[in-house]
Chemist: 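What follows is a single structure, and I will ask about it in a moment.
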Amino acid sequence: MERAAERAEGFNGLKRAIASLTAAWYGDPAQHQREMGAIWRKGWVAFTRAEALAAPGARFSGAIAGMNVLALRDGAGALRAFHNVCRHRGAELCPEGAGRVESGRISCPYHDWTYAEDGRLLATGKARAVEGFDRAGHGLVPLGVAEWGGFVFVNAAGGGQGDFEAEHASAVAPLAPWRPGALAPVHAETIDIEGDWKLFWENFNECLHCPGVHPALSALVPIYGRGIMEREDDPAWRGHGPDAPSALTGRLREGAESWTEDGRAAGPRLPGLSDEDAARGQTYAVILPSFFMVGHLDHARAVRVLPLEPGRTRLEATWLAPPDAGIDGAALAAFARRVMAEDAAACEGNQRGLRAAPFEAGVLMQEEYEIAAFHEWVRARL
Ligand code: FES
Ligand SMILES: [Fe+2]
């Protein structure tokens, strides 16, 4: 393990250049499996929207990080999650997608083993009792489950709502004024990237690429056009007061209100926002390794990151707004869609280069302090 990256004093930045992760870690099947087990199956990962599990008896099944997961809302209204795998001989229990748990029972389609919604094995179909078999030892294997911001998170290492909040309270606190749990999806898109999941976060964690890759975004958020992410990334930031030009403060360009094609808000300002929240332009909350949400004046956008296989990653983007705001979701989505497509292309080019001999590792520059932190986070878990 490398030493923790040394930070500059007085501003956000690395003190000296450090090596990036070895190129062999991007898209290698053995490394991918290692990361799924040591990172993705050891913490909270975004699983689905809460609407999919709103009513008692609702269930949602899907693949994530090599797992097959079944989440449901039980008759008492509690969320539960299990590995969607029968304890008899391992058949998938529920088909992928949304459905219902009828009469609080989950039955395996293969030999009819039946489980209660709390995971207890209730019956073994036609299979007779046999010596050495105890039903109590063959219930469904649970996952931790929690809800935040209208999304359901699961954790293969276990835990409940309190554990989720204890771990991620400070990360999500900046978005509290957006009341994301009360927002509704107005648009959703899926983007598949031919690139490792780590490349998504590396790209997310720097803006050196912004002037070249994102001309429209750099015009809307002028500080991005300088290759930095926020005010404190500038060594001279203390000299720039809150009334300095937007290129120095990180606010949107003068006259712009939100991340839209023309910069105008698509709907009314969200009721919980302070003047400062509204003026900031963008406010982020990140839940590594699977999720971020960004709040703007009139809406929020959540992105779920899903590693599909070595070197392939899916992004599920959801635009969120008050249910009664009357926002045209497709029009709202146009701006960020282009930004995400630009980032996806950058990640794919990065992936192609990383897999080309004889490249072994790159180097992180001063502005890439957040990538250094991400790499430390990854290394600490492996
Ligand atoms: S595998 Fe499920 S009942 Fe046999
Ligand atoms: Fe970008």
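As the structure lists them, so they are numbered: ligands from 1, and atoms in each ligand from 1.
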Chemist: What is the minimum heavy-atom distance between Q31 and L382, and which atoms define it?
Modeler: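 In this case the closest contact between Q31 and L382 is NE2-CD1, 3.5 Å.
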
Chemist: In terms of ring plane angle, is the pair F292 and Y284 parallel, tilted or perpendicular, where the classes change at 30° and 60°?
Modeler: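 Tilted: the ring planes of F292 and Y284 meet at 30° to 60°.
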
Chemist: Just which atoms of ligand 1 are under 4.0 Å from any heavy atom in C108?
Modeler: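 Answer, ordered by atom number: 1 (S), 2 (Fe), 3 (S).
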
Chemist: Backbone or side chain, does C210 get an N/O/S atom under 2.8 Å to the Fe ion (ligand 2)?
Modeler: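 Of the N, O and S atoms in C210, none lies under 2.8 Å from the Fe ion (ligand 2), which means no.
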
Chemist: H214: which N/O/S atom is nearest the Fe ion (ligand 2)?
Modeler: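 That would be atom NE2.
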
Chemist: From the Fe ion (ligand 2) out to just under 2.8 Å, does an N/O/S atom of C207 turn up?
Modeler: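 Checking C207: none of its N, O or S atoms is under 2.8 Å.
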
Chemist: Show which atoms of ligand 1 fall inside a sub-4.0 Å distance from at least one heavy-atom site of A91.
Modeler: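 That gives atoms 1 (S) of ligand 1.
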
Chemist: Just so I know, are the side chains of L288 and F374 near enough to count as touching, which here means a heavy-atom distance under 4.5 Å?
Modeler: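 In contact.
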
Chemist: Angle class for the H138/F133 ring planes (parallel below 30°, perpendicular above 60°, tilted otherwise)?
Modeler: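 Taking F133 first and then H138, their aromatic rings sit tilted (interplane angle of 30° to 60°).
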
Chemist: Quick one: which ligand 1 atoms are inside 4.0 Å of a heavy atom on D112?
Modeler: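 Close to D112: 3 (S).
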
Chemist: Taking the six-membered ring for Trp, are W44 and F164 closer than 6.0 Å centroid to centroid?
Modeler: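 Ring centroids of W44 and F164 are less than 6.0 Å from each other.
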
Chemist: With a cut-off of 2.8 Å, does H88 put an N/O/S atom close enough to atom 2 (Fe) of ligand 1?
Modeler: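 H88 does not place any N, O or S atom closer than 2.8 Å to atom 2 (Fe) of ligand 1.
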
Chemist: Number the atoms of ligand 1 from 1 as they appear, then name those within less than 4.0 Å of a heavy atom of W113, with their elements.
Modeler: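 Checking each atom against W113, I get 3 (S).
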
Chemist: With a 6.0 Å cut-off on the ring centroids, do W197 and F200 count as close?
Modeler: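 Aromatic pair excluded; centres sit 6.0 Å or further apart.
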
Chemist: Looking at atom 4 (Fe) of ligand 1, which N/O/S atom of H111 is the nearest one?
Modeler: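 Closest N, O or S atom of H111 to atom 4 (Fe) of ligand 1: ND1.
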
Chemist: Centroid-to-centroid, F47 to F153, below 6.0 Å?
Modeler: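 No, they do not, as the ring centres are separated by 6.0 Å or more.
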
Chemist: Restricting to N/O/S atoms, is D343 within less than 2.8 Å of the Fe ion (ligand 2) or not?
Modeler: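 So D343 does bind the Fe ion (ligand 2) by this criterion.
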
Chemist: Can you pull out the closest protein heavy atom to atom 1 (S) of ligand 1? Residue, atom name and distance to 0.1 Å, please.
Modeler: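 Result: R89 N, 3.4 Å.
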
Chemist: Checking H296 against E257: is there a side-chain donor and acceptor pair closer than 3.5 Å?
Modeler: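 There is no such pair between these side chains.
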
